[in-house]
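Before any comments, here is the structure.
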There are 2 protein chains.
Amino acid sequence: MPATLHDVAALANVSIKTVSNVVHDYKHVRPDTRERVLAAIKELGYRPNITARGLRSGRTGVIGLALPELSLSYFAELADSVIRAAEKRSLVVLIEQTGGGDREREIEMLSSPRLQLTDGLIFSPLGMGMADRELLDVPYPLVLLGERIFGGPTDHVTMRNVDAARAATRHLLERGRRRIAVIGGHEGEDMGSATLRLRGYREALAEAGVPFDERLILPAREWHRHDGARAMRDLLAAGTPFDAVFGLNDTLALGALRALQEAGVRIPGDVAVIGFDGLDETQYSLPTLTTVDPGRDEIAATAVRVLAERIEGRRGAPGNDGAGPREYLADFRLIERESTAS
Amino acid sequence: MPATLHDVAALANVSIKTVSNVVHDYKHVRPDTRERVLAAIKELGYRPNITARGLRSGRTGVIGLALPELSLSYFAELADSVIRAAEKRSLVVLIEQTGGGDREREIEMLSSPRLQLTDGLIFSPLGMGMADRELLDVPYPLVLLGERIFGGPTDHVTMRNVDAARAATRHLLERGRRRIAVIGGHEGEDMGSATLRLRGYREALAEAGVPFDERLILPAREWHRHDGARAMRDLLAAGTPFDAVFGLNDTLALGALRALQEAGVRIPGDVAVIGFDGLDETQYSLPTLTTVDPGRDEIAATAVRVLAERIEGRRGAPGNDGAGPREYLADFRLIERESTAS
DNA sequence: TGCGGGTAGTGCAACGTTGTAAGTTCTGTG
DNA sequence: CACAGAACTTACAACGTTGCACTACCCGCA
């Protein structure tokens, strides 16, 4: 049975409020009283009951992080960054998985009782789209990540997807590649990583006067390794000529790497490959993978900071008091490695 | 401002206790009363306040999961499994990272106030050792994972490390390999994955009458990809002959794969490689990696079940009422892939 | 008519904390 | 040495919920 304020107060011969005051570093406590209370706290091993505190204050010190799946490396690394960032603000992170792009589950999540003891949510949807925008108008602080919804009612932290994809494509074009396949297209998508990155790709092609070839766009609804490998095998089987591959994320690119090598294609000799996400493991593939680092730590730190600010009310709810929803853009960085060496 | 029992009670013209009774499906409520209450609940969008409930009942429905780092794939996949298993029991998971084997942080974690609103903890240490055993004697339900501590005061879920490593080594021996290098040794370790797996390795060698060669044991304190690659390069540089590599985990093996191929070594022609952990990505490396699947889902499900049982008190605290600490062993499975094909 | 036994519903206290307002004890000054 | 004002301390209520003990009622049976 853990000690309570009552126990400490009894032992130190003061009121429970005084103990509370000591715990909270309230100014007006005589040094000897403070001494006595601290001794009692130590003796009893008292630690404040966060649940009770939460009930009183309406805060729990817990933030939620809802993402598709931790087994997708990108989200595992994102969660790592978010937990670290939260720790710096003494917040603790509760993780919910919504599955790989399951729109229904994402929507359910937003009103899940499982989030009850959370002060706010960092939400990275993959299934919801622009049409679901107003569903983000929830009665608690919410920070949106990702590229599925723009202009929604909440703060949004994302990156310069179009610019980054343009830079990645340019990188290939500058190395003389002209037939650049793209893996990970989402047909019929109105908004999302695929759409934005494909836009950057087309812009770069246009800039360079290279014609766009529909056949080089390989759809892959999910972005796991085997989707990349499968898409690559399809392209090889189709016989469409190409001299470079742009994986819309690293996992796709790594899967493609594998399929290309199986087929005896030399990288980067015959085909150059570039990915997107800056995953740790892109440093250890063979060859090492050129990729775009989307500034994951920056995204995580910003998301946590903005959420914490909303929670503390230093800025009211978006659209409530003029502190409207804001969009934050993280900087990206192209990391050149062997897979696109000249 | 969310609705409370009071609001619902007022609207339905009953006492708050009756509302509470309806919410909890208490038998003695007349159908029409129940009807009225449910209507009021719906109208006000009432949802119980979990914090308050937690204060009353001493339960929060949250379990903690403390692990080294999510950016280590094994732990990301473990966390995924734990979250899924917890979800089935309507538990929610709060994740803490202790860093890659930081003993101090692990010990701190055990008494961290950050765990306060957690009903129990699943703990996977990497830095603590047998000597720290009694530190696990904490005043809340704790389930231990991993191979650092055996015979401690808590329930423990782990796998047959020695057997699995023996099987892995045998697998290589059966394919005619005699000079099997091992990556990931931990010198001076009294207990841990490295020690147990190395024991299985030596047992398999002894069984087969193959002499043990100290020079083939390559230490690697951390088990990241680059540690595997570094160790492999060291061995190649030393010129010690070898025809197989046993990575004590998959990440080490994948790093080794990379270093071997850089050096022009053919796999499995010149050197066969086997890993340990059954990571998803071992299916997509080139060549695909033979590995030992330690039954991660089973481990996670067991850990959550045992923890939930302790929390619900269906079995008292270990050593308290005869329901002493138990050890659970998950089954392993050797997955044969290209890296060890004959 | 009274009484046992079940059903339906209620009131109070408590979980451990903190904000408010008010009380008590000091200190220094006139 | 009185007294204002600051320094220190306290009692009480509340946060939203649930367990306990209780009342009120109804039915059937002796």
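Within every chain, numbering begins at 1; the chains are lettered A, B, ... in the order of the sequence lines, protein sequences first and strands thereafter.
Considering all non-hydrogen atoms of both residues, A:L38 and A:V22 come closest at CD2-CG1, 3.9 Å. In this structure, A:P325 and A:T154 approach most closely via the heavy-atom pair CB-O, 3.4 Å. The shortest heavy-atom contact between A:E43 and A:L11 is OE1-CD2, 3.7 Å. B:L70 approaches A:A79 most closely through the heavy-atom pair CD1-CB, 3.6 Å.
Atom CG in A:D102 sits 11.5 Å away from atom CE in A:M128 (nearest 0.5 Å). Remark: A:L142 CG to A:L110 CG distance equals 6.5 Å, nearest 0.5 Å.
D:dC15 atom C1' lies 14 Å from atom CD of A:Q116, rounded to whole Å. Put simply, CZ on A:R30 is 8 Å from C1' on C:dC26, counting in whole angstrom units. Nucleotide C:dT7 holds its P atom 16 Å from the CG atom of B:D25, rounded to whole Å. In this structure, B:H6 places its NE2 atom 13 Å from P of D:dT18, rounding to the nearest Å. Between the P atom of D:dT23 and the NE2 atom of B:H28 lies a distance of 18 Å, rounded to the nearest Å. Rounded to whole angstrom, the span from the OH atom of A:Y26 across to the C1' atom of C:dT18 amounts to 13 Å. Between B:H24 atom NE2 and D:dC20 atom C1' the separation is 15 Å, expressed in whole Å.
Of the N and O atoms on the side chains of A:T158 and A:E147, at least one donor lies less than 3.5 Å from an acceptor on the other residue.
Annotation: side chain of B:I311 is in contact with side chain of B:I63 (closest heavy-atom distance under 4.5 Å).
Less than 4.0 Å separates DNA chain D from at least one heavy atom of each of the following residues of residues 12-20 of chain A: A:V14, A:S15, A:K17, A:T18. Of the residues in residues 32-55 of chain A, those placing a heavy atom less than 4.0 Å from an atom of DNA chain D are A:T33, A:L55, in numerical order.
In the set C:dG9, C:dG19, D:dT9, the nucleotide with an atom closest to the side chain of B:V29 is C:dG9. Of all nucleotides listed (D:dT18, C:dT17, D:dT9), D:dT18 comes nearest to the side chain of B:L5.
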Item to check | Full working for ring pair (Phe, Tyr, Trp, His ring centres under 6.0 Å) between B:Y328 and B:H156 | outcome: CA-CA 6 Å; B:Y328 300 84; B:H156 183 191; 9.4 Å; no
Next on the checklist: Show, in sequence, the C-alpha distance, side-chain angles and deciding distance for B:D32 and B:R36, and conclude whether the salt bridge (charged side-chain N to carboxylate O under 4.0 Å, His left out) test is met.
Outcome noted: CA-CA 6 Å; B:D32 59 316; B:R36 210 152 23 98; 5.0 Å; no
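When the C1' atoms of four end pairs are superposed on the next four at each end of the helix from C:dT1-D:dA30 to C:dG30-D:dC1, using five pairs per end, the two resulting axes differ in direction by 70°, to 10°.
Side-chain N or O atoms of A:D119 include one that pairs as donor or acceptor with a backbone N or O of A:G61 at under 3.5 Å.
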